[in-house]
J.: 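If you scroll down you'll find the structure; I have some questions about it.
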Amino acid sequence: MNLFAEIRDLITSTLDQMVSAGTLPEGLNFDPITAEPPRDPAHGDMATNAAMVLAKPAGMKPRDIAEVLAAKLAEDPRVTSAEIAGPGFLNLRLAPSVWQEIAKTVLSEGTAFGRGTLGQGKKVNVEYVSANPTGPLHVGHTRGAVFGDALASLLDFAGYDVTREYYINDGGAQVDVLARSVYLRYQEAHGQEVAFPDGTYPGDYLIAVGEALKDKVGDAYLDKGEQFWISDIREFATEKMMELIRSDLKALGVEMDVFYSEKSLYGTGRIEAALQDLKDKGLIYEGVLEPPKGKKPEDWEPREQTLFKSTDHGDDVDRPVMKSDGGWTYFAPDIAYHYDKVQRGFDQLIDVFGADHGGYVKRMKAAVSALSGGTVPLDIKLTQLVKLFKNGEPFKMSKRAGTFVTLRDVVDQVGPDVTRFVMLTRKNDAMLDFDFDKVLEQSRENPVFYVQYAHARVASVLRKAAEAGIAADDATLAGADLSLLDHDSELGVLRKLGEWPRLVETAARTNEPHRVAFYLYELAADLHGHWNKGNEVPSLRFIQDDAATAQAKIALARATAIVIAAGLGILGVTPAEEMR
RNA sequence: GGACCAUUAGCUCAGCUGGAUAGAGCGCUGCCCUCCGAAGGCAGAGGUCAGAGGUUCGAAUCCUCUAUGGUCCGCCA
């Protein structure tokens, strides 16, 4: 249940009455009518634009509509006043009991408060990370992993049936490179001197793989040609790399439902089947692409190749699906993979890519649009670069991988909770600065700390209550006399709690989990502010001599902690019981 | 040459898909601990929402152009 939706229902049903009474003409569209908290709390608890939106189609003045509507709305017990303001806004004030009821609901529903029905159980597939199985995850992957995982949790919370999926790019040439690199480490494990030419992976993380290969096959591959071992080592190495990646993800607290192998698409007719589907729709043809303008590749020559007519589905140019040597381009298995997702019956697809894949968005959307006949929407979220700092100085190097900072480097230094929260303090398509020192700072400047601190403070209150012999379990608190929460400061926190279900909806609708992080920061600020008012106004403190009063006050604190815990749960962050 | 993203206070960023006087943090100025954790709070100063047009009752938000920065652009995934 969502208070804003309830009030909106009240407004629209009142308007219906006005239509029946002949005050308003029939056939009006109520869709654009909103009920939302006004920017300025001085305007009241709830504002609606109904009169302004309806004025023109109804052929009436906004004020005339607003006056009738206001009078009728004021009759509802939940509404204490309805005032017309500005160009025709209707500002509603709600009875304190409406807000007090929210605390009660939170306490009885627990962290399920705010769980939505927006998704209606629809099946949505969230594909994220999908890093090549050629090495450990780096910072860029980390942001994608955190974003995708939080988005998946958010959608789950909003009532979707979510599948978390990782696409393993184990079919392309980069896996041969991996195999050759592992072979070098294998030779090294046998005591040979090796050099890593360009086009191989020199990172230390393959040393152990070389050792493991030696343990497995002994010297069977030594002094043998590539054709003898490449296939075996490819399989062995990707398996090892996926183990590494899974453990990286685990360190971050990410667990996938499905790991989908690109390789499994080859030799099984599945790529062919997907392309046949497009062919049947007349979207595959042989043709020659224009060279890109402005940039002149040295070796450009016109070439006839097999193309997907993605321009029919919103792309800028058609895209090749087959290379000149007859092999598939990377796009072909991707088409087949998304074809498979569509066939698995997902109602919605979401891909999370790094910003460097921006040029890939249109063709992928075109493919899904074509394959599903436009029935399955694909949303592609790009996560922008992460810039790393230490002591305000940028840095890039990693001991482990040699060339890039790994997910492990980050998680080992600051922990999974901080990593996750900080990665979500910026919207996905904006660049993110990540400073190893600042994220560990314990001050208001650091949102992770600030939110955790609010939660810990409530835990502290509960401990004090226990010492004082005040019963403060959730059931008892839910039964407390919450009409005692009538101070502005208390009602302010309650209002914020009331926004939670609505926030979940908008965040889920826009696929923007960062909104949760920002909301939690605001909620924490409200709690901290309220807390400090207890310094001047003792009646606002949580612990009171009278047990019944104390329970009402503690109920507010506890309800806040519950919503914080629920929000942190979506972000994948553990709420702190105390600060250390 | 084209595509995509960004541009909001001195700095770092939000802004609930078109609403009222555009909000936080840092920094700056001045305050608040005998008090549940001051690791906090309150108040003040600070803005031509990159620029120019357009759409309408109403634009930071939608459309067009321009400027600046970033990512990318056939046989790498």
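By convention in this document, chain letters (A, B, ...) are assigned in the order of the sequence lines, proteins followed by strands, and residues within each chain are numbered from 1.
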J.: If you define the side chain from C-beta out and look only at heavy atoms, does anything of R463(A) sit under 4.5 Å from S460(A)?
T.: yes

J.: Using purine N1 to pyrimidine N3 plus N6-O4 or O6-N4 for Watson-Crick, or N1-O2 and O6-N3 for G-U wobble, each under 3.5 Å, what pairs with rC42(B)?
T.: rG30(B)

J.: Which one is paired to rU71(B), where only Watson-Crick or G-U wobble pairs with both distances under 3.5 angstrom count?
T.: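 The answer is rA3(B), by the H-bond criterion.
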
J.: Using whole Å, report how far CD of E505(A) lies from P of rC16(B).
T.: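 Rounded to the whole Å, the gap is 16 Å.
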
J.: Would you mind telling me which of rG40(B), rG19(B), rC72(B) lies closest to the side-chain atoms of R457(A)?
T.: rG40(B)

J.: With a 4.5 Å limit on heavy-atom distance, are the side chains of E490(A) and H530(A) in contact?
T.: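 The answer is yes; the side chains approach within 4.5 Å.
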
J.: In the strands shown, is rC11(B) matched to any nucleotide by a Watson-Crick or G-U wobble pair with both distances under 3.5 Å, and which?
T.: rG25(B)

J.: For the pair Q174(A) (side chain) and N169(A) (backbone), establish whether a donor and an acceptor sit closer than 3.5 Å, ignoring hydrogens and angles.
T.: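 A pair under 3.5 Å: yes.
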
J.: Rounded to the nearest angstrom, tell me the gap between atom CZ in R444(A) and atom C1' in rC13(B).
T.: 14 Å

J.: What nucleic acid atoms does Y360(A) come within less than 4.0 Å of, heavy atoms only: base, sugar-phosphate, or nothing?
T.: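 Y360(A): no heavy atom of the nucleic acid under 4.0 Å.
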
J.: What's the OH-C1' distance between Y167(A) and rA77(B), to the nearest Å?
T.: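 Answer to the nearest Å: 9 Å.
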
J.: Base, sugar-phosphate, or nothing: which does T329(A) touch, judged by heavy atoms less than 4.0 Å apart?
T.: nothing

J.: Tell which nucleotide pairs with rC49(B), taking only Watson-Crick or G-U wobble pairs whose two distances are both under 3.5 angstrom.
T.: none

J.: Would you say the side chain of D334(A) and the base of rA77(B) hold a donor-acceptor pair, judged only by whether the two atoms sit under 3.5 Å apart?
T.: no

J.: Report yes if the ring of F89(A) lies under 5.5 Å from the six-membered base ring of rA20(B) with planes under 30°, and no otherwise.
T.: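 Yes; by the centre-distance and plane-angle rule, F89(A) counts as stacking on rA20(B).
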
J.: In the structure I gave you, are the side-chain heavy atoms of Y330(A) and E262(A) within less than 4.5 Å of one another anywhere?
T.: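 Result no, sub-4.5 Å side-chain heavy-atom pair not found.
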
J.: Given the P atoms of rU64(B) and rA6(B), what is the spacing between them in whole Å?
T.: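 Here rU64(B) and rA6(B) have their P atoms 14 Å from each other.
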
J.: Hey, does the side-chain of R426(A) have a donor or acceptor N/O within less than 3.5 Å of a partner on the base of rC13(B)?
T.: no

J.: Is H528(A) stacked against the base of rG41(B), taking the criterion as centroid distance under 5.5 angstrom and interplanar angle under 30°?
T.: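 Taking the rule of under 5.5 Å and under 30°, the ring of H528(A) does not stack on rG41(B).
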
J.: Whether the side chain of T48(A) engages the backbone of A50(A) through a donor-acceptor N/O pair (distance < 3.5 Å, no angle test) should be reported.
T.: yes

J.: Which base, if any, makes a Watson-Crick or G-U wobble pair with rA20(B), both distances under 3.5 Å?
T.: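 Across all strands, not a single nucleotide pairs with rA20(B).
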
J.: Hey, are the side chains of E127(A) and H338(A) touching, using non-hydrogen atoms and a 4.5 Å cut-off?
T.: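 Yes, at least one pair of side-chain atoms sits under 4.5 Å.
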
J.: Would the distance check show the side chain of Y519(A) and the main-chain N or O of K496(A) forming a donor-acceptor pair, the cut-off being under 3.5 Å?
T.: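 At least one qualifying donor-acceptor pair exists.
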
J.: Kindly write out the residues that satisfy ring-ring contact (aromatic ring centres under 6.0 Å, His included) with H138(A), not counting sequence neighbours, or none if the list is empty.
T.: H141(A), F404(A)

J.: Choosing from rU71(B), rC13(B), rA77(B), which nucleotide comes nearest the side chain of D433(A)?
T.: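 Between rU71(B), rC13(B), rA77(B), the one nearest the side chain of D433(A) would be rC13(B).
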
J.: Give me the residues of residues 138-146 of chain A where at least one heavy atom lies under 4.0 Å from an atom of RNA chain B, by number, or none.
T.: none

J.: What contact category does H357(A) fall into here, base, sugar-phosphate, or nothing, at under 4.0 angstrom with non-hydrogen atoms?
T.: base

J.: Whom does rA60(B) pair with, Watson-Crick or G-U wobble, provided both distances fall under 3.5 Å?
T.: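 None - no nucleotide pairs with rA60(B), as no candidate has both distances under 3.5 Å.
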
J.: Does any donor-acceptor pair link the side chain of N535(A) with the base of rG41(B) at a separation under 3.5 Å?
T.: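 Flag unset: no donor-acceptor pair detected.
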
J.: Report the residue (N446(A) or W328(A)) whose heavy-atom-nearest nucleotide on RNA chain B is the more 5′ of the two.
T.: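 Comparing both residues, the 5'-ward one is N446(A).
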
